[in-house]
Amino acid sequence: MAASAEKKRFVCMGIESTAHTFGVGIVGSDGKILADARDMFRPGPGKGMVPRDLSEHHTMIAPSIIATALNGAGLEMDDVDVIAFSQGPGLPPCLNVGAALARYISIVHNIPLVGVNHPVAHIEIGKLTAGPTDPVILYLSGGNTQIIAYAEGRYRIFGETLDVAVGNAFDVVARMLGLRSPGGPEIERLAKGGSYIEAPYVVKGMDMSFSGFVTDAKRKVTEGVTPADICFSMQETCFAMLTEVTERALAHTNKTEALLVGGVAANKRMQEMLRTMCEERGARMEVVDSKYSGDCGAMIAWAGALAYKSGQKTSLRNSVILPKWRTDEIEVTWLR
Ligand code: ATP
Ligand code: FE2
């Protein structure tokens with residue numbers, strides 16, 4: 001019997017722990033977000049993320065985040081029908097915290113376990129909150145930069161970064177400038193007073209490179225270029241590259257919607273550039289609800305609910321973490 005026939009309405013809890021954030025979300029099978037609780041580890045100014053510190057943070061905070069989510073939804077653990085977790089990609093020590101917890105909940109409460117791909121969860125929460133049907137997806141975060149579109153059962157990657165992710169480039173440049181973490185919002189704030197200085201613009205076919213910009217920014221900092229000018233130029237250059245590739249993806253696929261998801265989707269200038277391009281070609285531009293653009297449990301819960309509805313479950317044997325799991329390896333059974 002298909003899982004969808006086993007139980008028509010259900011509640012799914014999702015655990016996110018791929019990197020900096022530990023989150024727990026609860027959604028109904030109808031797409032209603034009942035709760036979303038999370039806590040992000042913030043390293044001190046100028047410091048990077050150390051995986052061991054992150055996993056310790058997640059382990060310590062997990063019980064109170066689960067309690068906050070259940071309270072927020074007005075539910076008990078026994079009301080939860082399905083437990084989903086981010087299985088990858090991500091940092092192994094962090095992924096293991098969420099996976100172990102989800103396995104434990106699945107065994108103790110005797111409920112099905114669903115391993116979720118983190119990028120696919122960013123896409124699905126974007127679709128749920130912004131409402132597009134068949135978009136070209138621009139997924140921008142600290143670990144990923146991908147231009148994606150659905151075709152024949154999978155989310156296919158049309159273009160991506162050849163080196164660092166755009167969010168990571170923002171975080172590294174912010175750290176150089178002594179700004180606090182996460183760097184993206186700080187760059188956006190400082191960019192408001194800046195003006196444009198030429199910077200490396202690297203697009204190769206449908207792929208992009210951001211590491212040249214970071215190296216160039218390092219040199220400019222030593223030469224005394226103002227932080228505002230560096231931040232402004234970073235936004236203009238990187239976002240123009242991303243907009244160019246997205247436009248080409250729209251043209252190749254004949255799709256008429258662009259959806260912006262991932263942590264960097266919160267950036268107003270990125271949204272503006274994409275909107276202008278879409279308007280010029282008569283396409284619709286959608287952005288994930290900013291409450292759910294960054295890593296959160298709600299996105300894992302919703303992607304888990306979609307997978308479960310279409311008959312997917314993850315056995316304990318197959319619940320091992322997948323630190324390098326790619327977006328295009330997932331069978332998108334719920335869109336078939
Ligand atoms: P993934 O595994 O999806 O790569 P992640 O660990 O990067 O996840 P997200 O929460 O999806 O986590 O994205 C975080 C990134 O988003 C960080 O690099 C952060 O600097 C960036 N970011 C957040 N807000 C903004 C903003 N307003 N402008 C630019 N970048 C931003
Ligand atoms: Fe993410």
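Heads up: numbering here begins at 1 and tracks the sequence. Here the structure is a predicted model, which is why all the values come from computation and not from measurement. Just follow the structure's listing: the first ligand is 1, and inside any ligand the first atom is 1.
- Considering only non-hydrogen protein atoms, atom 27 (N) of ligand 1 sits nearest to Glu188 OE1, 2.7 Å.
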For Glu16 and Thr18, run side-chain hydrogen bond (donor to acceptor under 3.5 Å, both in side chains): C-alpha distance rounded to whole Å, both residues' side-chain angles, the deciding distance at 0.1 Å, then the answer.
CA-CA 6 Å; Glu16 160 56 28; Thr18 54; 2.6 Å; yes
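- Side chains of Thr237 and Met241 form a contact here, defined as non-hydrogen atoms less than 4.5 Å apart.
- In the vicinity of His118, heavy-atom distances shorter than 4.0 Å reach the ligand 1 atoms 1 (P), 2 (O), 3 (O), 8 (O).
- In terms of protein heavy-atom proximity, atom 3 (O) of ligand 1 is nearest to Tyr139 OH, 2.5 Å.
- The existence of a salt bridge linking Arg248 and Glu244 is confirmed by a sub-4.0 Å separation between a basic side-chain nitrogen and an acidic carboxylate oxygen.
- Within the listing of ligand 1, atoms 6 (O) sit less than 4.0 angstrom from a heavy atom of Ala19.
- Nearest protein heavy-atom neighbour of atom 9 (P) of ligand 1: Asp295 OD1, 3.2 Å.
- Taken together through direct or relayed side-chain contacts under 4.5 Å among Ile, Leu, Val, Met, Phe, Trp and Tyr, Leu138 and Val164 form part of one hydrophobic cluster.
- The side-chain heavy atoms of Leu242 and Phe210, taken from C-beta on, include a pair separated by under 4.5 Å.
- Taking the ring centroids of Tyr104 and Phe85, they lie at or beyond the 6.0 Å cut-off.
- For ligand 1 and Gly294, the ligand atoms under 4.0 Å from any heavy atom of the residue are 10 (O).
- Of the protein's heavy atoms, Gly263 CA, 3.3 Å lies nearest to atom 13 (O) of ligand 1.
- Of all the heavy atoms of His20, the ones lying under 4.0 Å from any atom of ligand 1 belong exclusively to the side chain.
- Here Asp295 contributes OD1 and His122 contributes NE2, and at the Fe ion (ligand 2) these two atoms make an angle of 90°, given to 10°.
- Contacts between Lys268 and ligand 1 below 4.0 angstrom, taking non-hydrogen atoms only, are absent altogether.
- One hydrophobic cluster, built from ILVMFWY side chains closer than 4.5 Å, holds both Val214 and Ile197.
- Residue contacts with ligand 1 for Asn267 involve both N, CA, C or O and side-chain atoms from C-beta outward (heavy atoms, distance under 4.0 Å).
- Close approach to His122 involves these atoms of ligand 1, each under 4.0 Å from a residue heavy atom: 3 (O), 11 (O).
- At a 4.0 Å heavy-atom cut-off, ligand 1 touches Pro185 through backbone and side chain alike.
- Within 6.0 Å of atom CZ in Arg219, more than 12 heavy atoms from other residues, nucleotides or ligands are found, so the atom counts as buried in its surroundings.
- Residue-to-ligand polar distances place Gly167 within reach of ligand 1: an N/O pair is separated by less than 3.5 Å.
- Among protein heavy atoms, the minimum distance from atom 21 (C) of ligand 1 is reached at Val264 CG2, 3.9 Å.
- In terms of polar-atom proximity, Gly184 is counted as a contact of ligand 1, with an N or O under 3.5 Å from an N or O of the ligand.
- Looking only at side-chain heavy atoms (C-beta outward), His109 and Asp78 come within less than 4.5 Å of each other.
- Ligand 1 has a nitrogen or oxygen under 3.5 angstrom from a nitrogen or oxygen of Gly143.
- Residue, atom and distance of the protein heavy atom nearest to atom 1 (P) of ligand 1 are Ser141 OG, 3.3 Å.
- Closest to atom 7 (O) of ligand 1, if we only count protein heavy atoms, is Gly142 N, 2.4 Å.
- The single protein non-hydrogen atom nearest to atom 17 (C) of ligand 1 is Asp171 OD2, 3.5 Å, given as residue, atom name and distance.
- Between Tyr150 and Tyr155, the ring planes are perpendicular. Angles over 60° get that label, and only those under 30° would be called parallel.
- For the pair Thr327 and Asn144, the minimum side-chain heavy-atom distance is 4.5 Å or more.
- Salt bridge absent: Asp30 and Lys32 never bring a charged side-chain N and a carboxylate O closer than 4.0 Å.
- Closest non-hydrogen pair, Cys231 versus Leu190, comes out as SG-CB, 3.8 Å.
- Of all N, O or S atoms in His118, the one lying closest to the Fe ion (ligand 2) is NE2.
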